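What follows is a single structure, written as structure tokens, with notes after it.
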Amino acid sequence: MGTPPSTESYLSIDHVQCIQCTHSLLYICVHSDLYTSIVLIQRSDQSPQRKKKRPNRKKEMNALAATNRNFRLASRLLGLDSKLEKSLLIPFREIKVECTIPKDDGTIASFVGFRVQHDNARGPMKGGIRYHPEVEPDEVNALAQLMTWKTAVANIPYGGAKGGIGCDPSKLSISELERLTRVFTQKIHDLIGIHTDVPAPDMGTGPQTMAWILDEYSKFHGYSPAVVTGKPIDLGGSLGRDAATGRGVMFGTEALLNEHGKSISGQRFVIQGFGNVGSWAAKLISEQGGKIVAVSDITGAIKNKDGIDIESLLNYTKEHRGVKGFDGAHPIDANSILVEDCDILIPAALGGVINRENANEIKAKFIIEAANHPTDPDADEILSKKGVVILPDIYANSGGVTVSYFEWVQNIQGFMWEEEKVNDELKTYMNRGFKDMKEMCKTHSCDLRMGAFTLGVNRVARATVLRGWGA
Ligand SMILES: NC(=O)C1=CN([C@@H]2O[C@H](COP(=O)(O)OP(=O)(O)OC[C@H]3O[C@@H](n4cnc5c(N)ncnc54)[C@H](O)[C@@H]3O)[C@@H](O)[C@H]2O)C=CC1
Ligand SMILES: O=C(O)CCC(=O)C(=O)O
């Protein structure tokens with residue numbers, strides 16, 4: 001990071017933050033020669049009094065800045081060549097498309113869709129598509145980059161990508177969602193494909209979304225089930241993919257606890273998010289004897305210190321589309337879910353939720369990152385000082401993309417695996433990933449996040465060099 005020049009003659013109009021680091025003021029931040037964030041805002045009123053009054057407050061680091069920071073730390077630990085480091089950071093391709101659809105009431109609505117293809121050194125780019133109101137380019141970029149390191153940590157032959165549409169799927173009808181998905185597919189179909197970029201579900205999307213993408217893509221390229229994963233079983237989806245991310249979370253938790261001489265049974269868990277990942281993790285962990293004491297989703301948060309009956313909650317949420325109102329627990333403030341008393345906290349919803357505002361209040365001894373980038377670097381530092389052990393996202397939630405890989409392999413082979421085989425293979429991959437990550441922790445004397453990052457970045461760097469980088 002560059003040294004900030006004197007700020008004598010400049011004041012910020014607000015706490016403007018450099019997009020690449022934590023500098024929250026108003027200078028030029030030079031990050032090698034790749035990123036230069038110029039944040040110089042000259043005010044007409046430069047009185048020193050005004051300068052003094054401004055609280056010394058840092059803004060949250062955004063998802064991309066946080067991901068780049070972790071990548072750079074890993075790159076330094078690995079001693080990567082600075083030009084290679086720069087090359088690995090720059091996305092292969094960033095796509096932004098406008099998607100206009102007629103709504104059911106005849107009005108027109110426009111949305112912005114993104115697909116960021118980060119890296120393909122190890123194989124076709126792979127990653128989910130998110131439908132959420134907060135989808136924005138920096139976050140999609142960060143998520144795409146995380147996919148590159150995640151597929152390498154899992155040691156599956158893929159690169160990384162991620163996509164999304166800025167929309168609130170709960171406010172669109174099924175037919176509006178179908179039209180939106182088809183228009184998005186029309187805009188990107190030339191840039192995805194079985195051996196180039198293979199989308200999958202993420203927040204706000206699911207098997208039905210993948211079925212529409214497959215159908216629309218097939219109109220241009222012929223029937224190609226392997227172009228997406230996380231499909232309905234009837235269209236070539238894999239048995240076990242639906243549960244895979246949650247199951248991987250359970251296997252990863254088991255591996256971590258075993259290492260600490262503990263097991264899932266008897267541990268108290270709090271889970272934020274009760275969608276695909278959170279609900280499967282809750283179900284599988286409770287089947288292993290874990291006690292889920294609090295759960296939240298977009299509708300609210302509930303708690304039962306004796307343990308929530310997850311099967312009943314699953315039935316309830318199917319009918320009521322949320323945890324709010326479930327009578328097997330009592331309601332609590334949704335904002336306090338992450339700081340509830342428990343042994344193990346599982347964020348399984350949005351990114352950036354664990355930050356310096358709440359990190360000090362967290363009671364859990366272990367955090368399992370089922371969501372992508374739920375913990376920002378400030379919180380990482382605070383939690384590490386408190387002795388909290390964090391199982392990082394690029395390992396903890398890699399079960400989803402691992403079974404996506406099994407689905408793609410089955411589609412290409414034209415052969416379907418038994419669910420037991422899928423789950424057994426997933427366990428093997430998760431255990432191997434844990435061992436590989438721990439090995440890197442030992443080699444570089446680092447925590448699990450850097451263990452996972454050095455593992456992923458090193459594999460991608462090696463593939464890049466082997467393919468003749470720079471030639
Ligand atoms: N679906 C997958 O296979 C994978 C998902 N992930 C990550 O896991 C996380 C969850 O994804 P899914 O379960 O697929 O999404 P989903 O759309 O199925 O569920 C999201 C859940 O989060 C809840 N939620 C949304 N905003 C919330 C808020 N402000 N507070 C509390 N809860 C909130 C929703 O109500 C819902 O229960 C995301 O970060 C995603 O990127 C990671 C790897 C794979
Ligand atoms: O299954 C996949 O291909 C991608 C899942 C995903 O988006 C993720 O791991 O964050």
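Order of listing sets the numbers, starting from 1, for every ligand and every atom in it. What you see is a predicted model, and the numbers here were worked out from it, not measured in a lab.
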Distance to 0.1 Å, residue and atom name: give those for the protein heavy atom nearest to [atom].
{"atom": "atom 10 (C) of ligand 1", "result": "A348 O, 3.3 Å"}
{"atom": "atom 40 (C) of ligand 1", "result": "D202 OD1, 3.3 Å"}
{"atom": "atom 5 (C) of ligand 1", "result": "V277 CG2, 3.4 Å"}
{"atom": "atom 21 (C) of ligand 1", "result": "G275 N, 3.7 Å"}
{"atom": "atom 9 (C) of ligand 1", "result": "A349 O, 3.4 Å"}
{"atom": "atom 30 (N) of ligand 1", "result": "Q272 NE2, 4.0 Å"}
{"atom": "atom 20 (C) of ligand 1", "result": "M203 CE, 3.8 Å"}
{"atom": "atom 29 (N) of ligand 1", "result": "L350 CD1, 3.6 Å"}
{"atom": "atom 9 (O) of ligand 2", "result": "K150 NZ, 2.7 Å"}

*N/O donor-acceptor pair under 3.5 Å between Q272 side chain and P347 backbone*: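 Absent.
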*Verify, without hydrogens or angle tests, whether K386 (side chain) and N360 (backbone) share a donor-acceptor contact under 3.5 angstrom.*
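At least one qualifying donor-acceptor pair exists.
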*According to the interplanar angle, ranging from 0 to 90°, do the rings of F406 and W417 count as parallel (below 30°), tilted (30 to 60°) or perpendicular (above 60°)?*
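Tilted: the ring planes of F406 and W417 meet at 30° to 60°.
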*Is R432 atom CZ crowded by more than 12 heavy atoms from other residues, nucleotides or ligands, each under 6.0 Å away?*
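Yes, because the 6.0 Å sphere around CZ of R432 holds more than 12 heavy atoms from other groups.
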*Evaluate whether atom NZ of K427 has more than 12 neighbouring non-hydrogen atoms of other residues, nucleotides or ligands under 6.0 angstrom away.*
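Check fails, neighbour count at 12 or below.
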Element-labelled atoms of ligand 2 that are located less than 4.0 Å from some non-hydrogen atom of [X]:
{"X": "D202", "answer": "7 (O), 10 (O)"}
{"X": "S404", "answer": "1 (O), 2 (C), 3 (O)"}
{"X": "N372", "answer": "10 (O)"}
{"X": "G128", "answer": "4 (C), 6 (C), 7 (O)"}

*Candidate pair Q145 and W149, rule side chain to side chain donor-acceptor pair (under 3.5 Å), full reasoning*: CA-CA 7 Å; Q145 189 192 138; W149 316 135; 3.0 Å; yes
*Under 6.0 Å between the ring centres of H189 and F220?*
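Yes, the ring of H189 comes within the 6.0 Å limit of the ring of F220, centre to centre.
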Residue portion contacting ligand 1 (non-hydrogen atoms closer than 4.0 Å) for [X]:
{"X": "S279", "value": "neither"}
{"X": "L143", "value": "neither"}
{"X": "A370", "value": "backbone"}
{"X": "R241", "value": "side chain"}

Numbering the atoms of ligand 1 from 1, which are under 4.0 Å from a heavy atom of [X]?
{"X": "D297", "result": "31 (C), 32 (N), 33 (C), 35 (O), 37 (O)"}
{"X": "N372", "result": "6 (N), 7 (C), 39 (O), 40 (C), 41 (O), 42 (C)"}
{"X": "G204", "result": "17 (O)"}
{"X": "F274", "result": "37 (O)"}

*After noting the C-alpha distance and the side-chain angles of D436 and N155, does the key distance pass the side chain to side chain donor-acceptor pair (under 3.5 Å) rule?*
CA-CA 10 Å; D436 293 350; N155 215 356; 5.0 Å; no
*For the pair E311 and K283, find out whether any cationic side-chain nitrogen is under 4.0 Å from an anionic carboxylate oxygen.*
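Salt bridge between E311 and K283, a charged N being under 4.0 Å from a carboxylate O: yes.
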_Going by salt bridge (charged side-chain N to carboxylate O under 4.0 Å, His left out), name the residues that satisfy it together with E136, two or more places apart in sequence or in a different chain._
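Salt bridge (charged side-chain N to carboxylate O under 4.0 Å, His left out) check on E136 returns nothing, list empty.
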*Give a yes/no verdict on whether any heavy atom in H132 is under 4.0 Å from an atom of ligand 1.*
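No, H132 has no heavy atom closer than 4.0 Å to ligand 1.
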*Within less than 4.0 angstrom of ligand 2, does K162 place any heavy atom?*
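K162 counts as a contact of ligand 2 under the 4.0 Å cut-off.
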*Any non-hydrogen atom of G400 lying under 4.0 Å from ligand 2?*
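Flag set, G400 near ligand 2.
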*What is the minimum heavy-atom distance between M440 and G451, and which atoms define it?*
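So the two residues come closest at CB-O, 3.5 Å.
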*asked:* With a heavy-atom distance limit of 4.0 Å, tell me whether V401 approaches ligand 2 through its side chain, its backbone, both, or neither.
replied: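 Answer for V401: both.
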*For ligand 2, is there an N or O atom under 3.5 Å from any N or O atom of A200?*
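No: no nitrogen or oxygen of A200 is under 3.5 Å from one in ligand 2.
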*Kindly identify the option in I394, N335, V401, I298 whose heavy atom sits closest to atom 26 (N) of ligand 1.*
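Among I394, N335, V401, I298, the closest heavy atom to atom 26 (N) of ligand 1 comes from I298.
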_Option nearest atom 5 (C) of ligand 2 (shortest heavy-atom distance, choices H373, R241, K126)_ =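 Looking at heavy atoms only, the winner is R241.
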